[in-house]
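Shown next, in structure tokens, is the structure this report addresses.
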Amino acid sequence: MFDLQSYLKEKQKLVEKSLDESLPMGKPEKIYESMRYSLLAGGKRLRPILCLATCELMGGNDDIAIPSACALEMIHTMSLIHDDLPAMDNDDYRRGKLTNHKVYGEDIAVLAGDGLLTYAFEYVARETKGVPPENVLEVIKVLTRAVGAQGLVGGQVMDLECEGKTDVTAEMLSFIHIHKTGALLEACVTSGAILAGANQEDLERLSIYAKNIGLAFQIIDDILDVTATSEELGKTAGKDISADKATYPKLWGLEESKAKADELVESAIAQLAVYGEKAQPLQALAEFIVNRKN
């Protein structure tokens with residue numbers, strides 16, 4: 001029987017240590033402090049772990065994947081710092097701590113996000129060892145696409161534009177979350193596979209897995225915003241309702257939203273059948289996404 005808790009504990013420990021080492025202090029100290037404050041603030045570390053797990057499934061190892069895994073967490077952290085800003089979602093807490101701009105000010109928070117985003121690409125290029133250069137280049141392309149206007153940025157823009165609208169359709173909501181949340185999760189999975197030299201067939205299969213868990217992740221996020229407390233979430237609960245955001249529970253109700261998330265995870269797991277027991281970590285991670293409490 002696969003023990004997900006032990007697996008997560010072991011990988012989180014590796015990720016935390018690697019992240020701490022990836023970003024030493026420099027000058028001016030304030031910007032490095034701010035970047036490290038958010039990067040090392042804990043969290044599930046789901047994105048880097050997905051990268052490590054997929055790399056391993058495709059015959060690679062943690063050593064070749066850890067620079068990309070750290071870079072993915074840097075990019076994710078940037079998105080959280082910027083998402084929490086008053087001009088965006090205006091939140092005071094993240095991962096149970098004060099948000100970056102509440103500690104360092106809005107100006108430094110913007111720059112900390114910029115610093116983490118740019119450093120992520122340098123880190124992949126500089127630190128990835130034992131991987132053909134064309135594969136490293138492909139990973140950088142995948143990360144760039146996931147975070148730009150074709151991905152995270154585009155999704156965030158659409159999310160802001162849909163606030164307060166009454167005519168948001170399932171298609172519009174799907175567009176927001178495929179780009180805002182799903183694109184980076186997909187990049188975690190595909191980058192791990194590319195580093196290990198996966199073929200096109202495997203990449204397509206794993207992309208479908210990732211797209212499904214990405215959408216399921218966001219549906220559960222929307223549900224938790226309604227059902228969980230701020231203490232459980234580590235951030236302000238009920239933010240979506242107060243900001244009049246377009247969400248799945250608002251569109252479908254809680255029950256139908258949960259059923260849809262379960263269906264997506266089932267479809268994701270079906271893509272892994274061909275790999276047998278080797279895919280247990282990815283299967284368990286998909287189930288974890290739909291059953292999580294924060």
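Given the structure is predicted, the values throughout are model-derived calculations rather than measurements.
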With rounding to the nearest 0.5 Å, note down the distance linking CD in Glu277 to CD in Gln280.
-> 5.0 Å
[X] and [Y] ion-paired at < 4.0 Å:
X	Y	answer
Glu186	Lys211	yes
Glu33	Lys30	no
Lys11	Glu16	no
Arg36	Asp20	yes
Lys165	Glu163	no
Glu256	Lys260	no

Do other residues, nucleotides or ligands put more than 12 heavy atoms under 6.0 Å from [X] [atom1]?
X	atom1	value
Glu266	CD	no
Tyr93	OH	no
Lys250	NZ	yes

For Ile108 and Ile31 the tightest heavy-atom approach is O-CD1, 4.0 Å
Side-chain donor/acceptor of Arg292 to backbone N/O of Phe217, under 3.5 Å | yes
For Met35, does its backbone N or O pair with a side-chain atom of Ser38 as donor and acceptor, under 3.5 Å?
-> no
Classify the ring geometry between Tyr104 and Tyr37 as parallel (under 30°), tilted (30 to 60°) or perpendicular (over 60°).
-> perpendicular
